[in-house]
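Labels below follow one simple rule: chain letters A, B, ... track the order of the sequence lines, proteins then strands, and each chain is numbered from 1.
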Amino acid sequence: MIIDNQTISSNPPNSLPIAPDQKSAFNFGIGLLGLFLWNLFFLNGPAMKKVWGALLNTVLISGLTVVLTLLLALAAAFSLHLLEVTGRQKGRFILLFALNLIRSVPQIIGVLLGYALLSFLITNGVVGNGIMAFVIMACSLSLFIFLEVTDLLLDRIAHFRKSDFYNALRVCGLSESRVVGFNILWNNSRIHILNKLLSVFGMALFLQCSTDFILSVGLSRDAEVTSLPLSLGGLLAHIDSKQDILAMGYTLTHPLYLPHLFLQHLQGLSAAFLIVFTLYSLYKIGNGFSERHRL
Amino acid sequence: MKRKLLEHLFSAMVVTGVLLFFLFFFQYRSQQAMAHNMEPIRPFINLPASDFNDPFYRALFMETLDLYYPGQTDRNQVIAKQLFRYKEAELSSQLQSVQKEKGLTLKRIYQIIGMYMGFLSVFAATLALTWYGVQSLALWRFIRRKQRLSQPPNKAVDPKKKGLNRLGVMGRFLASLILFSPAYTLAYSLRTEFDTGSFIFMVTLGVLSNGLLINYTNKFYAFLMSESRKGYVETALAKNLHSDYNWGAPGNMTRAAVFGLKKRFPGHVLDAIMRNARLQYLPTIKEQASFLITGLIIIEMALNIHAHLCYELLQQLLYRNMSEVMFMVLLIYYTVKLTEVAADIAHTRKMQQYDN
C-alpha cells in the first residue's frame with residue numbers, strides 16, 4: 001500500500017496508518033449510522049421507511065448505472081480500438097460521430113427524455129414499476145454518462161500502445177483483444193477504472209435525484225411519479241419534505257428555530273442530508289483513492 | 001483543426017436536420033389534430049352572448065342544438081362537450097399566458113429567443129466565474145499543500161491553535177456540503193429569503209451548487225499535481241528557477257497573484273506548471289460547459305422560475321407541445337456546440353503557440 005508523505009505526517013506516531021479513502025469511507029459509514037439512529041429515535045415509522053427505502057432505491061439504480069456504464073464504455077472503447085487497428089476508418093468515423101452527438105446533449109436533457117419515455121411505457125402498461133423500471137432508469141442514465149469512462153479507457157489504451165510491451169505482446173502472438181482487455185485494461189488500468197466508477201456513481205446519484213425532483217415537481221402528468229420507484233430526489237419534492245427544506249431558510253433569519261429543524265423537519269432534512277453527504281463522501285473517497293494510488 | 005471544425009459542422013447539421021424534421025412533424029400533427037377537433041365546433045365558437053361558464057347558457061345551447069338538429073342527440077352532446085372543453089382551455093390559457101398544444105408561432109419564436117438570450121447571459125457569466133474560480137482555488141490548494149510539505153513534521157501545536165483548527169475543519173466541512181448541494185436543495189431553503197429569479201441569484205447558484213466548482217477545482221488541481229511531477233520541473237530547478245512556495249517568496253508568490261486574473265509567477269517554477277496545467281484544462285471546458293448547462297436546467301426547472309427558457313421547456317413538455325420543445329432543445333444544443341468549437345479553437349491555438 002502506498003501512502004503519501006502527507007498522510008504519514010498527519011498521523012501521530014504509534015497509531016495505525018489509515019489511508020485517506022478508507023478514512024473517508026469510515027466517516028461516511030459513521031455518518032449514515034448516526035443519521036439512522038437519530039431517525040430511529042425522532043422520526044416517525046412511515047417517514048423513516050420512506051427515507052431509507054428511497055436511499056436503497058437510489059443506491060440500487062446508481063449501482064446498476066455503474067455496471068451498465070462500464071459495459072457500454074468497454075463496448076465503445078473496444079469497438080473504436082479494433083476499428084482503428086483493422087483500418088476501418090469509415091466505421092470508426094461513424095461511431096465517433098455518434099458518440100460525439102451524445103456528448104453534445106446536456107446529460108439532464110437526455111435523462112429527462114429517457115424518463116419521459118419510461119412514464120409513457122408505464123402509462124401504456126408496457127412495463128411495470130418493478131425491476132424493469134429500475135433497468136430503464138439506469139439505462140437512460142448510463143447512456144449519457146458512459147462517454148467519460150470511454151474516454152478514460154481510450155486514453156489508457158493509447159498510452160500503453162506507445163510502450164514497447166504492446167508490440168512485444170503482439171509479436172508473441174497474443175490477440176489484440178487479449179492485449180487490450182487483459183494486459184492493458186485489467187492488469188494496468190483497473191485502479192484508474194475503479195476510481196472513475198466512483199465518480200460515475202456520484203454522477204448517477206446526482207442526475208437521478210435531480211431528474212426525480214424535477215419530474216415530481218411538474219413534468220409527469222400521465223404517469224404519476226408515485227408509480228416510479230421513489231428516490232431521494234422524488235422524496236425531497238414531496239410537499240412535507242419541501243416544507244422541511246423551507247424551514248432551513250427560515251432558520252437563517254430566525255436562528256432560535258434551529259433545534260426544531262432536527263426534531264420536527266427530519267424527513268426533508270434527512271433526504272437532503274443523505275444526497276449531499278453521499279456526494280461529498282464519494283468525492284472524498286475518490287480523492288483519497290487517487291492520492292493513495294498516485295493517479 | 002479544419003477536420004475538427006468540419007466534424008462539428010457536420011454534427012450540427014445532422015442534429016439540426018433531425019430536430020427540424022421532428023419540429024415540423026409535430027407542428028404538422030398538432031395543426032392537423034387541432035383542425036380535426038375544431039371542425040364540428042367551428043360554427044359555434046363565436047356565438048354572441050354565450051358565457052359557457054354559466055350553466056344557464058350551457059343548457060340553452062344544448063336545447064338550441066337539439067332544436068336545430070333534431071334526432072341527433074348523441075352528436076349534439078359530443079359537439080357541446082367539445083365546445084365547452086375548448087372554451088375552458090381557452091380561458092385557462094389566457095389566465096396562465098401559455099399556449100397549449102397550439103404549435104410554434106412566430107410570436108412564440110421571438111419569445112423563446114428572448115428567453116434564450118437570458119439563459120445565454122447566465123450561462124456566459126457562470127462559465128466565466130467558474131473558469132476563474134476553478135483556477136484560483138486549485139492554485140491556492142496546490143500552494144498550501146506545497147507549503148505544508150515544506151514544514152517540519154510533528155511540530156508541536158499550540159492548544160489554542162488546535163481549537164481554531166477544529167473550527168476550521170468544521171467550517172470547511174459545512175462549506176463543502178454547500179458546494180456539493182444540488183441547486184434545488186439550496187434554492188428551496190433560500191426561496192423565501194431571496195428573489196430566486198434574479199440574474200445574480202441564478203449565477204451564484206450556478207457557480208456554487210451542484211458540485212460544479214469543487215469538482216472542476218479538483219480536476220485542475222490534479223493537472224497541477226501531475227505537471228509538478230514531470231521532468232521539466234527538475235530541468236527548471238536546475239536552471240535556478242525559484243521553487244519556494246511560502247508567501248512573499250521570490251517569483252511573485254503572493255495571495256494577490258493567486259487570486260488575480262492573470263496569475264503570473266515570473267521566475268518561479270509554478271509559472272510553467274500553471275501554464276501547462278491550463279493547456280490541459282482547456283479541452284475539459286467542453287465537459288464543464290455541458291455540466292453547467294445541466295445545472296442551469298435543473299435550477300430553472302426545479303425552481304419553476306417563470307419566463308425562463310428551461311421552465312418553459314418543462315411546461316411545453318408537460319403540455320406535449322413538442323414542436324416548441326424541439327426548438328428549445330435545438331437552441332440548447334447550439335450553446336453546447338458553440339462552446340465546444342470555441343474550446344477546440346482555443347486549445348489548437350495554444351498548441352500551435354507552444355509548437356512554434
Do other residues, nucleotides or ligands put more than 12 heavy atoms under 6.0 Å from Phe26(A) CZ? no
What residues of residues 280-289 of chain B make heavy-atom contacts with chain A at a cutoff under 4.5 angstrom? none
Kindly assign one of parallel, tilted or perpendicular to the pair Phe206(A) and Phe291(B), based on the angle between their ring planes and the thresholds 30° and 60°. tilted
Interface moiety of Asn287(A) toward chain B, non-hydrogen atoms closer than 4.5 Å: side chain
Structural part of Ile214(B) lying under 4.5 Å from a heavy atom of chain A: both
Flag the one option from Ile178(B), Leu179(B), Thr339(B), Val14(B) with the top tally of heavy-atom pairs under 4.5 Å to chain A. Val14(B)
Strictly less than 4.5 Å between heavy atoms, which residues of residues 222-229 of chain B line up against chain A? Please order them by number. Arg229(B)
Any chance you could measure Asn218(B), atom CG, to Ser290(A), atom OG, to the nearest 0.5 Å? 7.0 Å
Return the option, out of Ile297(B), Ile293(B), Thr185(B), Ile298(B), with the maximum number of heavy-atom pairs under 4.5 Å with chain A. Ile298(B)
Atom pair CG (Asn215(B)) and OG (Ser199(A)), whose distance is rounded to the nearest 0.5 Å: 8.0 Å
Checking Leu207(A) against chain B: side chain, backbone, both or neither under 4.5 Å from a heavy atom? side chain
If you look at every heavy atom in Gln107(A) and Ser290(B), which pair is closest and at what distance? N-OG, 4.5 Å
Looking at Ile245(A), Asp244(A), Leu279(A), Val105(A), which makes the most heavy-atom pairs under 4.5 Å with chain B? Ile245(A)
Test item: Tyr184(B) and Ile275(A) side chains (from C-beta on) under 4.5 Å apart, heavy atoms: yes
Against Met301(B), only a single residue in Thr211(A), Ile108(A), Leu112(A) fulfils side chain to side chain contact (heavy atoms under 4.5 Å, CB included); can you say which? Leu112(A)
Could you tell me if the side chain of Val276(A) sits less than 4.5 Å from the side chain of Pro182(B), heavy atoms only? yes
Applying a strict 4.5 Å limit to non-hydrogen atoms, the region of Val325(B) in contact with chain A is neither
Given heavy-atom pairs under 4.5 angstrom as the criterion, report whether the side chain, backbone, both or neither of Ile109(A) touches chain B. side chain
Classify the ring geometry between Phe10(B) and Phe97(A) as parallel (under 30°), tilted (30 to 60°) or perpendicular (over 60°). tilted
Under 4.5 Å between any side-chain heavy atoms of Ile332(B) and Pro106(A), yes or no? yes
Please examine the side chains of Leu101(A) and Tyr333(B), heavy atoms only from C-beta on, and report whether any two atoms are closer than 4.5 Å. yes
